Amino acid sequence: MKFLHAADVHLDSPLDGLERYEGAPVEQLRGATRQALKNLVEFAIQQQVDFVIIAGDVYDGDWRDYNTGLFFSAQMAELTRAGIPVFVIKGNHDAASQVSKSLTLPARVHVFSHNRPETVRLPEFEVALHGQSYAERAVTEDLSRNYPAPVSGWFNIGLLHTSATGREGHENYAPCTIEGLRSKGYDYWALGHVHQREVLCEDPWIVFPGNLQGRHIRETGPKGCTLVTVDRGAIRQVQHHNLDVLRWDELAIDLTTAHDLDSVLSQTSKALSAHLDTGDDLAWALRLRFTGASPAHASLALRREQLVAECRALAANLSANTVWIEKVKLQTRPPAAQVDQLDDRADAVGDLLKFLRDASSNEALLTDLAGDLADLTQKLPTDLNDGPEPLNLHDPATIAGLLPEVEALLTSRLLNQEPS
Amino acid sequence: MQFLEIEFLKFGCFTDTRLDLGPAGPRLHVIHGPNEAGKSTALRGLTDFLYGIPNRSTDNFLHKNTDLRIGARLLDDDGREHRLIRRKGNKETLLNSAGKAVDESRLEALLHGVPREVFETEFRLDHPLMVQGGDELREGKGDLASSLFQAGAGVLGVQRLQQELGEEAERLFKRRGSTQELNKAIELWKERQGRRREAMFLVTDWKNLNQQVAQKTQERKQVTEEHTALATERQRLERYQQALRLVTGYRQKQAELAALPQRQLVSPAAREARARASQVAAEAQRKIAELQVRQNRRQQELAGLPESGSLLADKPEIEALQQQIGSYEIATRDLSKLQQQLQDGQADNRNRLENLTEALSVEEAARLRPTAAQRATLEKLLRSRTQLDTRLEELEKQRRHLESEVRQLEAEVAATASLPDPLPLRSLLKRIASEGNLSAMNDEVVRELAQAERRLQGGLSQLHPWQGTIAELEFLPTPTTETIDTFDTEFRNLASDRQRLDGEHRRLQRGLDDAEQELQQLAAQGDVPTEADLLAARQRRDGLWSRIRIAWTDGVAPGEKATRQDPEENTLRAEELESAIAVSDDIADRLRREADRVARQATLLANRDRLTRESNRLREEQQALSQTAGELSARWLACWAPCRFEPRSPAEMRSWLTHHRAMQQLARQQAEGLVRQADLENRLERQVQQIAEELQRLQETIPTGRSVPQLLEYGTGVVERLEARQLSRVTAGKQRERFERDLTDLIAAEQQERERQARWLGEWGEFVRSFPVSSNDPEDLRTLFATLEAVAHNVAEQESLRRRIEDMRQHIRQVSAVAQRLARTHLPEFGPEFGPESPARIAKELNERVARAGRAAGQRSQLEEDLSEAREHFAAVEAQRAQAAAELGRLARQAGCQSEEELASLESESVRIEALQQELEGLRTELSHTAAGRDLDEFIHEVALLNADQIPVRLDELQRQLHELDERRTQLSQELGQLQGELTRHTTGSLASDAEQEAREALAAIRPLAEQYARLRLAQGLLRRHLEAYRQQNQDPVLERATILFSRLTNGAFEGIKPDYDEKDRKILKGVRNGGDEVEIAGLSAGTRDQLFLALRLASLERQLASSARVPLIVDDILINFDDHRSRSTLAVLAEFAAQTQVLFLTHHPRLVDLAREAVPADQLQVHELRH
């Protein structure tokens, strides 16, 4: 017997933080979450699995487009036409979703009740599935506690949408402990909610398969589902399978030895090539993070826009337009010798540097500086304040975060540090 | 740290060049190097020594990279000496005096860790920096914060940077902007948000749409059903209508058939056979007529054709003749021309031979025709002769030229036999020049003296009331500025105290007057009762009462002697008491009733007392003040007593004192000037003397009344002239020797050529002997050769002509014979005579006749063939016609008809009957379709009974209803299509999520722009805040010092600088001229701005040096825009600055060295010459 365990489809949720530019893989981006779901259906049919489990969050909570529901229904119909039943629990997003409330799903798609834990028996495989959907967005009690006892002699699977013992970046819903789950005596716990794939326990198997498609830079790495093979009531294999169409990753590039923009680009080119050589054949959303005490530090601060454009062109050329450079993050610092020299300056420049260094811990100054940006802050979309990496320009902490680059910009322009 | 010695061992243009800057001590080092002396290299070398020679150094053109070395002896702040050497390389480049690598930190410690960038910006001053600094002061309109910061940082462009940051930020975003990148990005995001909202397909939308689809589908189903029912009825009615028409036709045909007679009919086969036979007969008849016409026409045409048998027999011969006619005509025409050509050729030969010097016959000429070898020999001889002649001529010309040159040079050498030696004069002139332009210096000194004198004289009069001479000025015992300042303060304090007391006095007096006036007003309104009045009245009342009481009780009032009771007196007392009670009550009442007035009066009275007391106190204070003033004035006068004049106010005297000091300074300068002038004049006189002596030795005229520069110029002229002559004598001698050698060579060559000429003449004589030529002229022989060649060529041509003439004559004879023969046979009408053109005419005529005969023969044979064919055809057609007539007869008989016409009538009747029967059958078939399975005859009967008029009316009605239903159904289908389209649009594809993705992309585009805007604005804001903080911290000390330096650098033209505000309330700097006028920075001259920048820079640097490392200050030719006075002042300031750290002043200008010597005391100055 084989079954697929997936979760957190977040169908039609957009990919965040990708600014469009010439040469970016726009087509791969379009409908990425839908394509990932299609990949799931194809994989299930190809593997001839006996059933599919979706452990919550099919939809994205605020998303109200009914078309999304119809698409999901159509994909489920594909599965059921191929004789594969589907078992779904509603997660926090589904509970909040308008779409899920009024959608009719194909007959062999079973959605577990949100009133109480429910058990579905599949006598042909001697499998019992236990699960409970979310009734509302925020479920704070441990739902698993009320799950029924296992069906004796059968293969018991628990479906649960949970943050387990708590995971960073995820709301702490339906918390539970590994011990608590183990104590139920089930053979497999199909969990959902945490987007990072994780195996919490192998006896019994307690698995977060992660989401199907990464949606922003906080969701890096391969994404997909888990294929579970059971033989005579015992698990033989638990295997991850990638379904994503565009993968997120961050490349940290150390520029300690780079002297100018050309050598920065040369190193970037090497890093990108190495990444593409080892990676799967799909589109990438990459963040480039430049680090290290680099002689090119000042030059980069001065020529930031050019650097970004060159990196994008480089990526487009190397990958035949399958890499999207999401962001170029400058975290370089001047070489230690330069820092020492500047620190030692007893003149007005030295004073200025000290002032700049001290600025990040001067709360009153930061608040004052944020005031300088009020014109812009009023006009910026509030959506920028949400998401994985919010930009709150009225927040002193955000201002402090911008200061290292401001310092590089100011000192390099003031001291004319562009290398000749 | 300071340099004791700098050694450019191997660096740039230097090899082992040393500058000895010792011994240690605060001195200004002026390093003078003229252009090309390597000043820039030395500057670079200094920095490279301290911080290493860069990889890309260009100072390796003389010494190899590996050999480059710069050394120095340094003194650290603790007084220890270090000798270090710098080599070029990547590591271990710092060496000790033994050449061993030492750690870089040793030098770093000496430099207190000051890095190269800081050294280059902070501890170097050069002219471009000064100019740029001055320009920025002007551009920044003296903005105080940025000026102070720039002076303190040694960097420039701070204000521009602030402005650029602002501009760059504004290019990204403006609050009310629309075209800025970030504004546009935000707009795009809003637009996409809107599009996303529009594309969103909600559950309610989906339900609504589905409901509408179901409704419309149901409606369309109903309409379709209704339409079907009506269409069925219409179909039935149309069938009946159609049947009605068919039944009528059917009945008519039946009647028509019944009316026709009943007899045997002709079968269609028989009808067909008859028609075929009739057609054959008629066709045969028509062809017979045509053939007869044709036969007749052919016979007539044959009769008309001519005969021409013999002419055609001669056709080949006639055609041959025609072909030869062309060549015959050419021969006739060319014959005479060729004969003439032959005669002309013969005559030409004769002529040529007769023109030769030795006449020859044609035959001899042919024999003598020269061979190719002979021709070649002739040409060779002629060429050699020309070459010989040219060469000889050239050699002769050269020889003559050389001989003339040699003669000239001999004359020149002889003329310059003895010349005097100009070398001593040259050395003298060089030495004098090296002493500098003493005349100009003298003029300058004289000018300065005159100027000082003028200023002194003018200045003395301004020193009123003091009157004295310039000499007395120096020793006038004036009080110090500080003393005057103290007096000034005291006088001011006194005046301000007096003013304060006067003011207070006036205020008190006003108070007193006011109080008095009001009291009078109160009194005028009636007397005001007082508490005292009340008290008095009550005392009086109480007194009276006690007396009465005593009288009542013991008859004796206290204090009175016991008197007897007098009733009258008692009555009086009682009245008195009543009156006293009334009075005191009245006063008490008024006090209560007029409480305000009472209180006001009490206050006024109290005030008046207080004011009077204060007024008395003031008076005392004023008296004390007057006394102090007297004492102060006495002290002030005593202070100036030694100067023997009465001073004015301290402020005036301070200005007087400043002026007096300036005068003193001027007087000192004048005295110095006089000494310098005397010295310069002595030196000048000595120079004139020396030049005159040298000129005398050279026996040159000595010009009188000329200045030293003019004498120098004159002397230089003399030296150059003498040297030029010496040089030309030597050159001429050498030239003559070379020319004589050349002449000998030339004469030898000429001799050789003449021998060659003799050999040629021998060869020529030998060759000419074989030919009949009398002269020796080579041209004659060349002419003979040409004639002989031409004659031989002509003879050959004439022979060929003769042969062609004979061939032509033969051809003409043959053609004429043939033509005559043929004409006799076929053209008897031409007669026996022929002209020259006759053969052509005969040939043409014969040809035409042959062509005509040929054509006639062809026509005849064609006509005969056609005629025979027509005859054969005629017989065949006749047989066909007979056969057809027989067949027709047979057919008529078979039908029982008498004649062919009768048969035709019978046939048409049969056809009509058959047609009717067929139509009836057709109608029945059609009706049976219409009847749709019903019995046909019954149906026909039924139809015949229908009302034909009602059917169309009903059909029209049905048509209208059906049309309406059709339209409704179409409309419904369209509506359904639209609804389903919409449903499809929303249920397939991914409109909303795509729109959402695009909106997110727009949002993502905003972020980097917003961050960049923030970075620029933050950079701008931080810089602005820091500049302001820096200003607040440094303004007072730096400006205080800079104001002193500025005054000195401008030689007192400016008192200093002061902070102020501009119209935008911005803190700025202003210059204060001597006399107090304030000038904005833009109003300063370029030089003064440079000095202001320098003042600020030095003030900042002093402040910085006070708290940090002492590193030598390198000053590179900064005085380019300074006049001599300000240059002197600046050098003096730099010399003082040297007390704080070592100062190296590099310059190209010797003048500055002199100025430094004038401005700086000898013990504070050290001058070095830089040479490589």
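Hydrogens, waters and symmetry mates are skipped; everything else that's a heavy atom, side chains included, is used. Within every chain, numbering begins at 1; the chains are lettered A, B, ... in the order of the sequence lines, protein sequences first and strands thereafter. Owing to the predicted nature of the structure, the values given are computational and were not obtained by experimental measurement.
Residue contact with chain A, scored on non-hydrogen atoms closer than 4.5 Å, is absent for Q1020(B). Only the side chain of T121(B) comes within contact range of chain A, judged by heavy atoms closer than 4.5 Å. Heavy-atom distances place the side chain of L365(A), and not its backbone, under 4.5 Å from chain B. K207(B) touches chain A through its side chain: at least one heavy atom from C-beta onward sits under 4.5 Å away, while N, CA, C and O do not. Only the side chain of E122(B) has a heavy atom closer than 4.5 Å to any heavy atom of chain A. For a residue to count as touching a neighbouring chain, one of its non-hydrogen atoms must lie under 4.5 Å from one of that chain's; by this rule I1006(B) touches chain A with the side chain only. For L991(B), no part sits under 4.5 Å from any heavy atom of chain A, backbone or side chain. At a 4.5 Å heavy-atom cutoff, the contact between R1024(B) and chain A is made by side-chain atoms alone. In this structure, chain B has heavy atoms under 4.5 Å from both the backbone and the side chain of L376(A). Residue contact with chain A, scored on non-hydrogen atoms closer than 4.5 Å, involves the backbone of H986(B) exclusively. Only the backbone of V99(A) comes within less than 4.5 Å of a heavy atom of chain B; no side-chain atom from C-beta onward does. Both the backbone and the side chain of E389(A) come within less than 4.5 Å of a heavy atom of chain B. Looking at L1003(B), the atoms closer than 4.5 Å to chain A (heavy atoms on both sides) sit in the backbone and in the side chain alike. Looking at F149(B), the atoms closer than 4.5 Å to chain A (heavy atoms on both sides) sit in the backbone and in the side chain alike.
Among the candidates L402(A), L369(A), V328(A), the residue making the largest number of heavy-atom pairs closer than 4.5 Å to chain B is L369(A). Options R1007(B), E996(B), Q150(B) differ in how many heavy-atom pairs under 4.5 Å they form with chain A, and the most are formed by R1007(B). The greatest number of non-hydrogen atom pairs below 4.5 Å with chain B, out of L393(A), L403(A), T398(A), D368(A), is found for D368(A). Contact count versus chain B (heavy atoms, under 4.5 Å) is highest, among I399(A), L356(A), L18(A), for L18(A). Counting heavy-atom pairs under 4.5 Å between each of G157(B), G989(B), A199(B) and chain A puts G989(B) at the top. The most heavy-atom pairs under 4.5 Å with chain B, out of T377(A), V26(A), D383(A), V308(A), come from D383(A). Across E326(A), K101(A), K327(A), the residue that shares the most heavy-atom pairs under 4.5 angstrom with chain B is K327(A). The residue among T987(B), L1018(B), I186(B) with the most heavy atom pairs within less than 4.5 Å of chain A is L1018(B). If you tally non-hydrogen atom pairs under 4.5 Å between each of A1029(B), S990(B), A999(B), G1021(B) and chain A, the highest count goes to S990(B).
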Requested in this report: Would you please test R413(A) and L165(B) for side chain to side chain contact (heavy atoms under 4.5 Å, CB included) and show each step?
Outcome: CA-CA 10 Å; R413(A) 285 181 64 157; L165(B) 290 169; 4.2 Å; yes
**Report entry** Trace of the side chain to side chain contact (heavy atoms under 4.5 Å, CB included) decision for L414(A) with V158(B)
**Finding:** CA-CA 7 Å; L414(A) 192 62; V158(B) 173; 3.8 Å; yes
Requested in this report: Mind running side chain to side chain contact (heavy atoms under 4.5 Å, CB included) on L373(A) and Y1013(B) for me, showing each step along the way?
Outcome: CA-CA 9 Å; L373(A) 305 175; Y1013(B) 175 83; 4.2 Å; yes
Query - R1017(B)/D375(A) under salt bridge (charged side-chain N to carboxylate O under 4.0 Å, His left out): CA gap, chis, key distance, verdict - result: CA-CA 11 Å; R1017(B) 275 278 180 247; D375(A) 278 355; over 6 Å; no
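L352(A) places none of its side-chain heavy atoms less than 4.5 Å from the side chain of L1022(B). For the pair L103(A)/V203(B), no side-chain contact is recorded, criterion being any heavy-atom separation below 4.5 Å from C-beta on. Using a 4.5 Å cut-off on side-chain heavy atoms (C-beta onward), L15(A) and R1000(B) make no contact. Taking 4.5 Å as the limit, some side-chain heavy atom of E1001(B) sits within range of a side-chain heavy atom of L29(A). The shortest distance between side-chain heavy atoms of D205(B) and Y66(A) does not fall below 4.5 Å.
Atoms CG and CG, on L410(A) and L1016(B) in that order, are 10.5 Å from each other to the nearest 0.5 Å. Atom OG of S993(B) sits about 6.5 Å away from atom CG of N67(A), to the nearest 0.5 Å. To the nearest 0.5 Å, the span separating CZ on R197(B) from CZ on R64(A) amounts to 10.5 Å. With rounding to the nearest 0.5 Å, the separation of CD in E405(A) from CD in Q1012(B) is 8.0 Å. To the nearest 0.5 Å, the span separating CZ on R20(A) from CG on L188(B) amounts to 10.0 Å.
Between R304(A) and E1011(B) there is no salt bridge, since none of the side-chain N atoms of the basic residue sits less than 4.0 Å from a carboxylate O of the acidic one.
Checking side-chain atoms of D65(A) against main-chain N and O of F201(B) turns up a donor-acceptor pair under 3.5 Å.
Of all heavy-atom pairs spanning A992(B) and W63(A), the tightest one is O-CH2, 3.6 Å. Counting all heavy atoms, side chain and backbone alike, A1004(B) lies closest to G17(A) at CB-C, 3.4 Å. The two residues E19(A) and P1008(B) have their closest heavy-atom pair at OE1-CG, 3.4 Å.
Annotation: E168(B), atom CD; neighbour count of heavy atoms from other residues, nucleotides and ligands within 6.0 Å is above 12.
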